[in-house]
Structure formats: C-alpha cells, structure tokens
Amino acid sequence: AMNELTAAINAVAETVIMTDSHGVVEYVNPFFEKMTGYKSEEVIGKPIGRLKSGRHDDDFYKRLWAVLNKGETWSGFFINRRKDGALFEEEATISPILDSDGHIRHYVAVKRDMTMQRDLERRVMRSQKMAALGQLAYRVAHDTANSLSIIMGSASVIQSATDNEKIKLLVKDINDA
C-alpha cells in the first residue's frame, strides 16, 4: 500500500513537498522538479525558503507560520522563484502532520501552478479594458462629430445672416478647419 501511495504522489501533476517541523525539506515529488527546475537532491535537507521570490513581506510568512504552528492547515497563494529566476504563481495548501501526542512532526504542502491561469485572467482583463477604451473612443468621436456638425450648421447660418466681413472671415475659418 505504501508503494502505491508513493506511486500516486509521484504521478500527480501538482507539487508535493514534505518538510520536517522546522521547514527543512525531506521529500519532493517529480512534479516539483519540473515546476521549479531544482533537482530533489538540491533541496532535500535544506530550508524551503530557497524558493522565495521576495514578493511577499515578512508579515506574510509570519501569518502563514502562525496558522501552521497552531496545528491548522494554511491555504493561499505564493509567488515563488524557479531555479532560472523566473517567477511563478502557486495555489498552496500546507498541513501539519501530528504525531500521536499531538506534536507537529512534519508539514506537507500540495501546490498547483496558477501561472497560466493568472496569465489568462490578465489577458481577459486586458482585452476587456481595450474593448472599454474602444467604446469610449467611439463615444467621444461620435459626440465630437455631433458637436462639429452643430457648429458647422450654426456657422453657415451666421455666414448667410451677416454683412460683417470680419465675422464672415471667422466663419470661413471654421468651415475650412
């Protein structure tokens, strides 16, 4: 049964990381290597903090550890850094594993890559913004065209109704513009 469990964890398309109670990596599944660019031997025995992107402040990690140290599960989003320096976004669930006395012995994190989904969300938002800008530009152009036709109409009425040469020249400038 243990071999089947290991095979299942090795097969999932999500990152699985197990650390000791101090956050030192004890196990990563093959998908971790694919996601981060780090080989398992580069991270096992080292603190998990090596993936930090610098995008989260200390308070973010303090809040995360406050939840875990109470023996509760933490869920949220990380921006982490691959070995090649590229940033990626993950949705994570980190759970403490307790021994029979209720002491935290390990943590297990299951993380899903959200980078493609986030890129898609950003693209959709960008296209929505472009569509809104297009509508705005159309309205402005339409309103400006309406205003111009009113001005042009008024100008020709003024031109035919006046004998003042200065006014006729001003109106001619409006019509020629």
Side-chain angles (χ1 to χ4, degrees), residues 1-140:
M2 201 61 186
N3 287 344
E4 287 170 4
L5 182 61
T6 304
I9 291 171
N10 285 345
V12 296
E14 293 183 349
T15 299
V16 179
I17 303 168
M18 194 163 116
T19 71
D20 68 11
S21 58
H22 303 291
V24 173
V25 179
E26 295 177 316
Y27 166 85
V28 293
N29 71 333
F31 198 76
F32 170 92
E33 295 183 352
K34 186 176 169 199
M35 271 310 303
T36 66
Y38 287 103
K39 296 271 171 246
S40 60
E41 55 268 20
E42 293 179 90
V43 293
I44 288 174
K46 299 192 173 69
I48 192 65
R50 121 169 330 194
L51 296 175
K52 284 184 182 178
S53 62
R55 293 293 181 96
H56 302 288
D57 58 16
D58 288 342
D59 279 349
F60 173 86
Y61 294 105
K62 278 183 192 148
R63 287 193 301 272
L64 180 156
W65 282 107
V67 170
L68 293 176
N69 289 333
K70 282 193 283 187
E72 295 172 7
T73 294
W74 180 89
S75 290
F77 290 90
F78 281 112
I79 297 172
N80 279 332
R81 192 177 297 282
R82 297 185 210 280
K83 189 177 180 180
D84 66 8
L87 296 178
F88 65 104
E89 295 181 55
E90 293 181 303
E91 182 180 24
T93 301
I94 305 172
S95 303
I97 300 172
L98 310 177
D99 65 15
S100 55
D101 297 327
H103 299 118
I104 296 168
R105 288 288 169 235
H106 308 275
Y107 294 101
V108 64
V110 178
K111 305 200 283 184
R112 170 177 290 151
D113 181 24
M114 298 298 284
T115 311
M116 280 173 60
Q117 187 173 331
R118 290 283 200 232
D119 286 347
L120 190 64
E121 285 168 9
R122 276 192 279 270
R123 263 194 242 123
V124 166
M125 282 185 66
R126 229 186 340 260
S127 67
Q128 286 172 343
K129 278 185 201 164
M130 293 303 284
L133 278 172
Q135 286 176 343
L136 183 65
Y138 171 79
R139 281 200 204 109
V140 168

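We count residues from 1, following the sequence as given.
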Any chance you could lay out the side-chain contact (heavy atoms from CB on, under 4.5 Å) test for Tyr38 and Arg82, step after step, and finish with the verdict? CA-CA 8 Å; Tyr38 287 103; Arg82 297 185 210 280; over 6 Å; no
Looking only at heavy atoms, the pair that brings Val25 and Ile48 closest together is CG2-CD1, 3.7 Å
So the ring pair (Phe, Tyr, Trp, His ring centres under 6.0 Å) pairs with at least one residue in residues 14-36 (sequence neighbours excluded) are none
Residues that Ser40 engages under side-chain contact (heavy atoms from CB on, under 4.5 Å), provided they are two or more places apart: Val28, Glu33, Ile44
All side-chain contact (heavy atoms from CB on, under 4.5 Å) counterparts of Leu87, not counting sequence neighbours: Ser53, Arg55, Ile79, Arg81
Of all residues at least two apart in sequence or in a different chain, which pass the ring-ring contact (aromatic ring centres under 6.0 Å, His included) check with Tyr107? Trp65
Does some side-chain heavy atom of Val108 sit less than 4.5 Å from a side-chain heavy atom of Ile17? no
Can you list every pair that meets salt bridge (Lys or Arg N to Asp or Glu O under 4.0 Å) and has a residue in residues 5-22, with sequence neighbours left out? Glu14-Arg112
Are there more than 12 heavy atoms of other residues, nucleotides or ligands under 6.0 Å from atom CG of Asp58? no
Over 12 non-hydrogen atoms of neighbours within 6.0 angstrom of NZ in Lys46: yes
Non-hydrogen atoms of Ile104 and Leu98 that approach each other most closely: CG1-CD2, 3.4 Å
Give me each pair satisfying salt bridge (Lys or Arg N to Asp or Glu O under 4.0 Å) with a member in residues 83-106, each pair once, sequence neighbours excluded. Glu42-Lys83, Glu89-Arg118, Glu89-Arg122, Glu90-Lys111, Asp99-Arg105
So, the side chain of Asn80 versus the backbone of Phe88: is there a donor-acceptor pair under 3.5 Å, distance only? no
What pair of heavy atoms forms the shortest contact from Phe60 to Phe78, and how long is it? CE2-CE2, 3.6 Å
Non-hydrogen side-chain atoms of Pro96 and Thr73 separated by less than 4.5 Å: yes
Is the shortest side-chain heavy-atom distance between Thr15 and Val110 below 4.5 Å? no
